[in-house]
Amino acid sequence: MNIFFLIIGMGMCVLVFLCLYRVTFGPNVLNRAAGLSAVGTKTLIILLFMGVIYDRVEMFVDISMVYALLNFLGTLVLAKYIKQSGEVECQL
Amino acid sequence: MIKESQDVIVKTRARLLTPFIVIYALYVVMHGHHSPGGGFQGGVILAASFVLLAISYGLDKIRQRLSEKAASLLSSLGVFIYAGIGLLCLLLGGKYLDYGSLSKLLSVVPAKARSLGILGVEIGVALAVMAVMCMIVFTIFSSGEEDKESGGGE
């Protein structure tokens, strides 16, 4: 079963690099923000897989919950900043 | 200055999420000596709940809940709890922050006194970290607007 989670985690790492491509070469600042948020979510999943592989999942769940909270907060602050800086036109 | 958000999704999610964040922060503080976490991390998560409310409901409303004066008072109180427990150990005949000597005061075995002592110290650290983080973030959030106002007046 550990091999299964290891392979899934490696696939997640490849997907992180795909999101990183969007963050680096995104044509718009909104694409970059969405890419950053997706990278954070995938990091959370990779952390949980590491917990399963190392057999300490009760510890890694704590860390990944904090990571999810901070990722959400960071995306929200970034969106607020983008809206107030007026770099892109917002419909609100 | 961060204004109140007009988006109902952000506001509702912040309102529903904040109690769970606070409970999780208390869990991180209380369970710090068995799992990752402790005073500093719990304090940061407590401050994160304030930041989430400040983003979604505007800085003014949150300033009414946690004013600058209350924040500085809370940070001083946290340092006081930390240093006070250390000095209490010193007065009871142990070394500084040697929680084992608290067993005379709490009338429990020294191992239990150590567990309770580290819990008290972590509560103090969490209070101080929460207050200082809130002060830093609120200052960063509000300073740009003050600069703009003073710049416009010249």
Side-chain angles (χ1 to χ4, degrees), chain A residues 2 5 9 12 23 28-92, chain B residues 1-38 40-59 133-134 136-138 140-145 148:
Chain A
N2 271 0
F5 283 117
M12 277 288 172
V23 174
N28 202 337
V29 69
L30 291 177
N31 298 87
R32 292 172 206 262
L36 265 182
S37 179
V39 167
T41 312
K42 288 192 184 3
T43 311
L44 192 156
I45 303 289
I46 291 171
L47 265 178
L48 283 178
F49 283 149
M50 277 173 70
V52 173
I53 289 168
Y54 287 129
D55 228 2
R56 300 296 298 271
V57 86
E58 77 279 357
M59 227 168 225
F60 279 79
V61 163
D62 288 3
I63 305 171
S64 63
M65 272 177 76
V66 177
Y67 204 89
L69 165 67
L70 293 184
N71 185 33
F72 168 61
L73 257 180
T75 310
L76 210 59
V77 173
L78 190 61
K80 199 94 183 172
Y81 172 73
I82 288 171
K83 187 189 166 194
Q84 286 202 354
S85 69
E87 275 188 45
V88 280
E89 290 171 20
C90 296
Q91 298 298 321
L92 271 171
Chain B
M1 181 74 77
I2 298 286
K3 294 184 196 70
E4 185 170 352
S5 175
Q6 302 295 320
D7 194 5
V8 71
I9 298 174
V10 170
K11 283 170 81 170
T12 310
R13 187 171 174 183
R15 203 175 65 227
L16 291 180
L17 206 60
T18 304
F20 293 104
I21 293 175
V22 173
I23 285 179
Y24 187 68
L26 292 181
Y27 158 72
V28 167
V29 172
M30 294 287 167
H31 217 251
H33 42 290
H34 298 301
S35 65
F40 188 87
Q41 289 85 348
V44 169
I45 300 171
L46 270 177
S49 72
F50 274 103
V51 174
L52 180 61
L53 283 178
I55 292 170
S56 49
Y57 282 89
L59 203 53
M133 286 283 166
C134 284
I136 291 173
V137 169
F138 290 169
I140 289 174
F141 275 177
S142 61
S143 71
E145 186 68 20
K148 208 183 283 176

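Below, each value reflects all heavy atoms present in this structure, side chains not excepted, and no hydrogens, waters or symmetry copies. Chain identifiers are assigned alphabetically (A, B, ...) following the order of the sequence lines, protein sequences preceding nucleic acid strands; residue numbering begins at 1 within each chain.
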Colleague: Tell me the closest heavy-atom pair linking G42(B) and A25(B), and the distance in Å.
Modeller: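 Reported closest heavy-atom pair: O-CB, 3.6 Å.
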
Colleague: For V23(A), does its backbone N or O pair with a side-chain atom of R32(A) as donor and acceptor, under 3.5 Å?
Modeller: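 Yes: the side chain of R32(A) pairs with the backbone of V23(A).
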
Colleague: With only heavy atoms counted, which part of V28(B) is less than 4.5 Å from chain A, the side chain, the backbone, both or neither?
Modeller: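 For V28(B), no heavy atom lies under 4.5 Å from chain A.
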
Colleague: Flag the one option from P36(B), S35(B), A14(B) with the top tally of heavy-atom pairs under 4.5 Å to chain A.
Modeller: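 Of the options given, most contacts go to P36(B).
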
Colleague: What part of F72(A) is in contact with chain B, defined as an atom under 4.5 angstrom from a non-hydrogen atom: side chain, backbone, both or neither?
Modeller: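 Side chain of F72(A) only, per the 4.5 Å heavy-atom cut-off to chain B.
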
Colleague: Which label fits Y24(B) and Y27(B): parallel for a plane angle under 30°, tilted from 30 to 60°, or perpendicular past 60°?
Modeller: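 Because their plane-to-plane angle lies in the 30° to 60° range, the rings of Y24(B) and Y27(B) count as tilted.
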
Colleague: Counting only N and O atoms by type, is there a donor-acceptor contact under 3.5 Å from the side chain of T41(A) to the main-chain atoms of S37(A)?
Modeller: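 Yes, because the side chain of T41(A) sits within donor-acceptor range (under 3.5 Å) of the backbone of S37(A).
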
